[in-house]
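Below is one structure, written out as structure tokens; the observations come after it.
Small disclaimer: the values here were computed from a predicted structure and weren't measured.
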Amino acid sequence: MADQLLFNPRTYDPAHFDPETRRLLRATVDWFEDRGKRRLIEDYRSRAWLADFLAFAAKEGLFATFLTPASAADGHQDKRWDTARIAALNEIFGFYGLDYWYAWQVTVLGLGPVWQSDNETARARAAELLSQGEVFAFGLSEKAHGADIYSTDMLLEPDGDGGFRATGSKYYIGNGNAAGLVSVFGRRTDVEGPDGYVFFAADSGHPAYHLVKNVVDSSKYVSEFRLEDYPVAAEDVLHTGRAAFDAALNTVNVGKFNLCTASIGICEHAMYEAVTHAQNRILYGRPVTAFPHVRRELTDAYVRLVGMKLFSDRAVDYFRSAGPDDRRYLLFNPMTKMKVTTEGEKVIDLMWDVIAAKGFEKDTYFAQAATEIRGLPRLEGTVHVNLALILKFMGNHLLNPAEYAPVPTRRDAADDAFLFRQGPARGLGAIRFHDWRAAYDAFGHLPNVARLREQADALCEFVTTAAPDEEQSRDLDLLLAVGQLFALVVHGQLILEQAGLTSLDEDVLDELFAVLVRDYSAHAVELHGKDSATADQQRWALSAVRRPVIDTDRSARVWQRVEALAGAYEMAP
């Protein structure tokens with residue numbers, strides 16, 4: 001029997017979605033399966049552009065259906081921006097290869113400033129391009145400044161007719177070679193400060209648009225392009241002033257959520273390969289899976305992957321239920337970006353330690369998974385950037401809960417319109433959260449959930465009695481160690497909420513929390529060793545270390561689930 005917690009193309013039936021969504025998701029899986037593993041790997045190794053995939057997506061109307069909000073759908077009932085089905089498609093793309101996901105992901109980013117704009121001409125143009133199967137690009141970062149949008153050197157000179165002439169370069173811009181529309185961020189030469197920002201729509205086929213190169217050695221076309229005296233008409237302007245700045249940040253808020261489910265898909269495919277190989281490999285007269293350390297590593301990888309899925313699925317509900325009075329998604333979003341993707345790296349590393357040299361072989365999916373999994377924690381802001389963002393929410397989340405109506409599971413066929421009217425990208429420190437303790441209390445009978453709850457309570461004590469002082473608050477190295485501790489509390493919270501909604505096997509849940517208890521203890525030891533940690537902080541750190549509750553029978557039962565993955569899926573040749 002297939003494991004119901006993991007995606008398996010052989011048994012995949014997204015019956016919880018509407019008929020057209022089910023058809024498109026299943027058609028996507030079938031397209032990859034029909035192409036087969038050899039073609040998938042060969043295209044990856046030869047860095048082939050994704051023309052056949054994009055032709056398939058255009059024929060099926062995949063991007064147009066999933067990425068056109070209802071407000072621009074011209075009455076088309078199946079078109080909407082639905083985070084639940086977007087997440088499902090991310091997982092499928094990750095499962096078969098990050099190159100495919102990347103072309104989709106940067107299309108999401110390129111559309112963000114357009115769907116946030118009041119420019120109806122540009123919106124209609126984007127909707128039409130989507131319907132034609134075009135991809136999009138997000139022209140934000142620059143070679144000299146990265147994503148430091150305060151320092152953009154894309155300059156717009158007024159042309160005297162209500163438009164501009166744009167000159168400047170953008171760097172690390174996905175789909176820059178083929179985008180029907182590129183959302184470009186720049187600044188006016190005649191207006192100082194934030195009022196001078198401009199987001200405008202450019203066409204990669206225009207003579208004044210110069211494609212310089214692909215800056216990576218990959219099928220992913222991550223371009224450098226340059227505009228030379230590019231004409232920007234009034235109807236090309238998407239945002240001006242502070243609204244352009246907000247559009248940039250809010251677009252990233254929408255887009256970076258996609259990284260978590262892509263990471264999940266990568267890990268799922270790699271896990272089928274790894275467990276199957278380990279089970280069939282005979283060493284010293286026994287299967288590799290007979291060794292205790294191998295069973296622990298593969299079990300840890302499995303429960304970490306389950307935790308990634310549970311957290312991400314629950315975060316979808318907060319995204320879809322967000323509004324001006326409920327912005328909790330702004331914590332859970334960088335959590336998916338930072339925590340889930342770094343968990344993905346750990347999952348791959350645990351499996352790689354088991355399969356060893358097999359993980360390098362050119363005829364495996366694992367070889368590309370081991371490379372591609374590294375990119376996700378480092379896209380749309382580094383781990384450090386997102387950890388620093390998460391810290392802004394720590395005080396209110398841990399110590400100052402507010403009352404909210406329960407957020408239900410959101411699989412309904414609704415348009416997530418709020419994501420394109422998020423408003424000003426500020427005021428994060430004032431956002432309130434529901435009481436995190438409720439989720440832990442609901443599973444307090446599980447010994448390792450109770451143990452992580454002890455560590456979470458200890459963090460509340462740290463915040464109130466040993467928090468970094470003003471000087472330490474400038475020591476980002478120390479603060480990031482604290483951020484890792486806080487992230488584990490939030491990670492555990494949403495995992496538990498989703499476990500309650502899905503009646504998760506409690507053996508799997510307690511085994512997962514045994515891993516999280518170990519993680520918390522490791523981060524506490526790391527905090528203890530920081531250069532600027534005070535004596536009180538060092539004492540607190542060691543007092544927060546806990547040993548997980550060991551239950552060999554529980555671990556054996558979870559191992560049976562892992563062992564059953566051997567042979568459960570192999571991609572068609």
> For atom CZ of R281, is the number of surrounding heavy atoms from other residues, nucleotides or ligands below 6.0 Å larger than 12?
Replying inline: no
>> The criterion is side chain to side chain contact (heavy atoms under 4.5 Å, CB included); which residues satisfy it with L5, sequence neighbours excluded?
In response: D3, Y302, V306, L504, R561
>> Can you tell me how far apart CG (L310) and NE2 (H491) are? Round to the nearest 0.5 Å.
In response: 8.5 Å
>> I'd like to know if D363 and K37 make a salt bridge, using a cut-off of under 4.0 Å between side-chain N and carboxylate O.
In response: no
>> Please determine whether a side-chain nitrogen of the Lys or Arg among E343 and K346 lies less than 4.0 Å from a carboxylate oxygen of the Asp or Glu.
In response: yes
> Charged N to carboxylate O below 4.0 Å: is that the case for E128 and R125?
Replying inline: no
>> Donor-acceptor pair, distance only, cut-off 3.5 Å: does the side chain of H239 make one with the backbone of P113?
In response: yes
>> Using side-chain heavy atoms (C-beta onward) and a distance below 4.5 Å, is T336 in contact with K256?
In response: no
> CD1 of I266 to CD1 of I373: how many Å apart, nearest 0.5 Å?
Replying inline: 4.0 Å
> Rounded to the nearest 0.5 Å, what separation is found between the CG atom of L40 and the CZ atom of F32?
Replying inline: 7.0 Å
> Are any non-hydrogen side-chain atoms of Y221 and L50 less than 4.5 angstrom apart?
Replying inline: no
>> Closer than 3.5 angstrom, by distance alone: can the side chain of R47 be matched with the main-chain N or O of D43 as a donor-acceptor pair?
In response: no
>> So if I apply the side chain to side chain contact (heavy atoms under 4.5 Å, CB included) rule between L259 and each of N90, L379, V340, which one comes out positive?
In response: L379
>> Looking at every heavy atom in both T341 and P377, which two are closest together, and how far apart are they?
In response: OG1-CA, 3.4 Å
> Is the backbone N or O of G174 less than 3.5 Å from a side-chain atom of S223, with the two atoms forming a donor-acceptor pair by type?
Replying inline: no
> Hey, are S169 and R226 close enough side-chain-wise for a donor-acceptor pair under 3.5 Å?
Replying inline: yes
>> Whether the side chain of H145 engages the backbone of S151 through a donor-acceptor N/O pair (distance < 3.5 Å, no angle test) should be reported.
In response: yes
> Do any N or O atoms from the side chain of N253 and from the backbone of L330 form a donor-acceptor pair under 3.5 angstrom?
Replying inline: no
> Heavy-atom count around Y172 OH within 6.0 Å, excluding the residue itself: above 12?
Replying inline: no
> Are any non-hydrogen side-chain atoms of L387 and F486 less than 4.5 angstrom apart?
Replying inline: no
> Is it true that D34 and R39 make a salt bridge, defined as a side-chain N closer than 4.0 Å to a carboxylate O?
Replying inline: no
> So do Q493 and F311 actually touch side chain to side chain, heavy atoms under 4.5 Å?
Replying inline: no
> Would you call K309 and Q498 a side-chain contact if the rule is heavy atoms closer than 4.5 Å?
Replying inline: no
> For N177 and W49, what are the C-alpha separation, side-chain angles and deciding distance, and is it a side chain to side chain donor-acceptor pair (under 3.5 Å)?
Replying inline: CA-CA 10 Å; N177 62 317; W49 174 241; 5.9 Å; no
> Is R410 salt-bridged to D412, cutoff N-O under 4.0 Å?
Replying inline: yes
> Does the pair R26 and D30 meet the rule for a salt bridge (charged side-chain N to carboxylate O under 4.0 Å, His left out), with working shown?
Replying inline: CA-CA 6 Å; R26 187 65 242 184; D30 291 342; 2.8 Å; yes
> Quick one: does N175's side chain have a donor or acceptor within less than 3.5 Å of a partner on V135's backbone?
Replying inline: no
>> Could you report the tightest heavy-atom contact between N8 and Y272, atom names first, then the distance?
In response: CB-OH, 3.4 Å
> Side chains of Y171 and V212: does their closest heavy-atom pair fall under 4.5 Å?
Replying inline: no
> Shortest non-hydrogen contact from A70 to D415?
Replying inline: N-OD1, 3.0 Å
> Which residues pass the salt bridge (charged side-chain N to carboxylate O under 4.0 Å, His left out) test with R314, sequence neighbours left out?
Replying inline: D317, E497
>> Check this for me, if you would: do R320 and D82 make a salt bridge, where the nitrogen-to-carboxylate-oxygen distance has to be below 4.0 angstrom?
In response: yes
> Parallel, tilted or perpendicular: which fits the ring planes of Y100 and F53, with parallel below 30° and perpendicular above 60°?
Replying inline: perpendicular
> Closest heavy-atom contact between F63 and A103?
Replying inline: CE2-O, 4.4 Å
>> Is a donor from one side chain sitting under 3.5 angstrom from an acceptor on the other, for T65 and D78?
In response: no
>> Quiz question: by atom type and distance under 3.5 Å, do the side chains of E570 and T276 form a donor-acceptor pair?
In response: no
> Aromatic rings Y96 and F7: how do their planes relate, parallel, tilted or perpendicular, breaks at 30° and 60°?
Replying inline: perpendicular
> Side chains of E563 and T289: donor-acceptor distance under 3.5 Å anywhere?
Replying inline: no
>> Measuring from atom OG of S219 to atom CG of N214, what distance do you get when rounded to the nearest 0.5 angstrom?
In response: 9.0 Å
> Hey, are the side chains of F138 and L111 touching, using non-hydrogen atoms and a 4.5 Å cut-off?
Replying inline: no
>> What's the separation between atom NZ in K339 and atom OG in S263, rounded to the nearest 0.5 Å?
In response: 12.0 Å
> For T299 and E511, what are the C-alpha separation, side-chain angles and deciding distance, and is it a side chain to side chain donor-acceptor pair (under 3.5 Å)?
Replying inline: CA-CA 9 Å; T299 299; E511 192 75 16; 5.8 Å; no
> Taking the six-membered ring for Trp, is the centroid-to-centroid distance between Y318 and F332 below 6.0 Å?
Replying inline: yes
>> side chain to side chain donor-acceptor pair (under 3.5 Å) for E91 and T261? Distances and angles first, verdict last.
In response: CA-CA 5 Å; E91 186 176 2; T261 34; over 6 Å; no
>> Tell me whether K358 is salt-bridged to E273, with the criterion being a basic N under 4.0 Å from an acidic carboxylate O.
In response: no
> Is D52 salt-bridged to R35, cutoff N-O under 4.0 Å?
Replying inline: yes
>> On a heavy-atom basis, which atom in C267 and which in M308 lie closest, and how many Å separate them?
In response: SG-CE, 4.1 Å
> If every non-hydrogen atom of K337 is compared with every non-hydrogen atom of T382, which pair is closest and at what distance?
Replying inline: NZ-C, 4.4 Å
> Does a salt bridge link D300 with R304, judged by any charged N lying under 4.0 Å from a carboxylate O?
Replying inline: no
>> Can you classify the ring geometry of H269 versus F95 as parallel (below 30°), tilted (30 to 60°) or perpendicular (above 60°)?
In response: parallel
> Taking NZ, NE, NH1 and NH2 as the nitrogens, is one of them in E345 or R378 under 4.0 Å from a carboxylate oxygen of the other?
Replying inline: yes
> Are the side chain of T68 and the backbone of A127 linked by a donor-acceptor contact shorter than 3.5 Å?
Replying inline: no
>> Are the side chains of N333 and M335 in contact, using a 4.5 Å heavy-atom criterion?
In response: no
>> Test of understanding: with side chain to side chain contact (heavy atoms under 4.5 Å, CB included), list the residues that count as partners of R38, not counting sequence neighbours.
In response: P573
> So, R10 and E33, do they make that salt bridge, N to O below 4.0 Å?
Replying inline: no
>> Between K170 and E224, does any NZ, NE, NH1 or NH2 come within less than 4.0 Å of an OD or OE carboxylate oxygen?
In response: no
>> To the closest 0.5 Å, what do you measure between OG1 (T502) and CG (D313)?
In response: 8.5 Å
> How are the rings of F360 and W352 set to each other: parallel, tilted or perpendicular (split at 30° and 60°)?
Replying inline: tilted
> Any side-chain donor-acceptor pair under 3.5 Å between T21 and R85?
Replying inline: yes
